[in-house]
Protein chains: 2
Amino acid sequence: MKLEVQIKMNETLYLRDPEQSELGRNIIKHSIQLIQKTGFESFTFKKLAEAIGTTEAGIYRYFENKHKLLVYIISWYWGWLEFQIGYQTKNINDPITKLQQVIKLLATTVEDDIMTSHVDESLLHQIIIAEGSKAYLTKHVSEDNKQQYFKPYKDLCKTVGDIILECNANYPYPHSLASTIVEVAHLQNFFMHNLPALTDFDKTKKEDQIINFLNHLVFSSINK
Amino acid sequence: MKLEVQIKMNETLYLRDPEQSELGRNIIKHSIQLIQKTGFESFTFKKLAEAIGTTEAGIYRYFENKHKLLVYIISWYWGWLEFQIGYQTKNINDPITKLQQVIKLLATTVEDDIMTSHVDESLLHQIIIAEGSKAYLTKHVSEDNKQQYFKPYKDLCKTVGDIILECNANYPYPHSLASTIVEVAHLQNFFMHNLPALTDFDKTKKEDQIINFLNHLVFSSINK
DNA sequence: TACAAATGATAGTAATACTATTATTTTTGT
DNA sequence: ACAAAAATAATAGTATTACTATCATTTGTA
């Protein structure tokens, strides 16, 4: 028997559920490949349609516009990561060890998860790093937020914030520290690869250094 | 006598120096207003030309495209901020007080600086918060970096990193902590106003809480 | 005054971000 | 197995964007 993980998505993000058809799953699969490869700015529904072998109008039946598609795949990633965190910290009782594990999961290059056949998580991870903040850095962020587009991201930060409070119930900034951990994990990764003067890391040693930096930052702050 | 601060800009960012003509200064002034008001995505040279009372072709004589114009005004801001930091920390000898002052300057809403008549720094500060990372989150970041487009930003982080080392010469992550401070100051501001679940701050109390959070984070880490 | 440089006015092109229409294929309910 | 419904493919069309090109006019400067 083949197990497939399904991430429940916000229904207002799409016009037709892409999980429910071959074309839909192809849209997800190829948009991840194309956005990762060419960047979100030069990604168009026309190019996507060509890559899939369908037409532009075909894509528009699933997604209103490319921004909603970006928000969809990014939300999917946060939902998947939350699942991973739940799974990988299940039997850890010590909150400090748990938080270390979360930092590791956030900062480490993801491997493709065979439980999700049409999504390549390692490509998606790179999209999160380079395009993640574009999901919310818009003039319509408040309306999008009302539509609950950022719920998976906020849920993830809530989970991280709760672990922080388990470590120290008196820590005064659990939400801000949680969102800072998530964002900095990805920012430092981007800087390490593209603007190395902004980090102390070299890409040969990979993400270990980012993990060490985040651990140092987070635990000195929590245990102050 | 009227004093004007001039920020030296990278000459490959523009086709014609906008500081040297009335039209050029108008391009800067109105692009700041327009980008802040409508967001970078819906900002076009056509709308800018209409706002100024010139033509699209007129703008293209100064800037190759809207991305370079964005990088220009953002770089200008970092250059101006570096000047401010130098000025406002000139007579501070204690590196801890100096770093606190830098954090305050980074996190506080900027007031319009009368020394720069065609630039409204408070609008520019809002652009940095909402659009700043779009300057480098592109597929051409490495070429842009080779052209030194991010030098003012990197110089600023270097300045902050050096102050961190003055506080603790053994601190292992001065560059990463510096870029983290700069980015988190703006991110938390954005979250506070637009995605409040991601912070512990309420916008009524303004930036003081962000400053407290950053101080707590930075100094517990440096003095560990 | 005269010459160059900057600006303005206008036009044009390829690509983008869609919407609409109709034909064809696939699914599904009976 | 068959009709109806739903999904997809094929095609066309529009407004806007992101430019480039040309030429006339204004402005500043030797």
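In what follows, every heavy atom counts, from backbone to side chain, and hydrogens, waters and symmetry copies are set aside. Computed from a prediction, not measured in an experiment: that's the story for all the values here. Chain identifiers are assigned alphabetically (A, B, ...) following the order of the sequence lines, protein sequences preceding nucleic acid strands; residue numbering begins at 1 within each chain.
Annotation: the span from B/Tyr72 atom OH to B/Met9 atom CE amounts to 5.0 Å, rounded to 0.5 Å.
Residue B/Trp76 comes nearest to B/Glu19 through the heavy atom pair NE1-OE2, 3.5 Å, listed as atom of the first residue, atom of the second, then distance.
Using the six-membered ring where Trp is involved, A/Trp80 and A/Tyr77 have ring planes that are tilted, between 30° and 60° apart.
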query: side chain to side chain donor-acceptor pair (under 3.5 Å) between B/Lys104 and B/Asn215: does it pass, once the steps are laid out?
result: CA-CA 9 Å; B/Lys104 194 176 164 185; B/Asn215 277 322; over 6 Å; no
task: Decide yes or no on side chain to side chain contact (heavy atoms under 4.5 Å, CB included) for B/Ile32 and B/Ile127, but give the supporting numbers first.
output: CA-CA 8 Å; B/Ile32 290 170; B/Ile127 292 177; 4.0 Å; yes
message: If you apply the rule side chain to side chain contact (heavy atoms under 4.5 Å, CB included), what do you find for A/Phe201 with B/Tyr173, and how did you get there?
response: CA-CA 9 Å; A/Phe201 317 135; B/Tyr173 312 108; 3.8 Å; yes
- request: Produce a footprint string for nucleotides 8-19 of chain C: one letter per nucleotide, 5' end first; B if the base is under 4.0 Å from any protein heavy atom, S if only the sugar-phosphate is, - if neither.
  value: BBB-----SBBB
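If you check every strand for non-hydrogen atoms under 4.0 Å, B/Tyr62 touches sugar and phosphate atoms only.
Under the ring-ring contact (aromatic ring centres under 6.0 Å, His included) criterion, A/Phe83 pairs with no residue at all, not counting sequence neighbours.
Think of the region where chain B sits on DNA chain D: with heavy atoms and a 4.0 Å cut, that region ends 5' and 3' at D/dT17 to D/dA21.
At most 12 non-hydrogen atoms from other residues, nucleotides or ligands lie less than 6.0 angstrom from NZ of A/Lys37.
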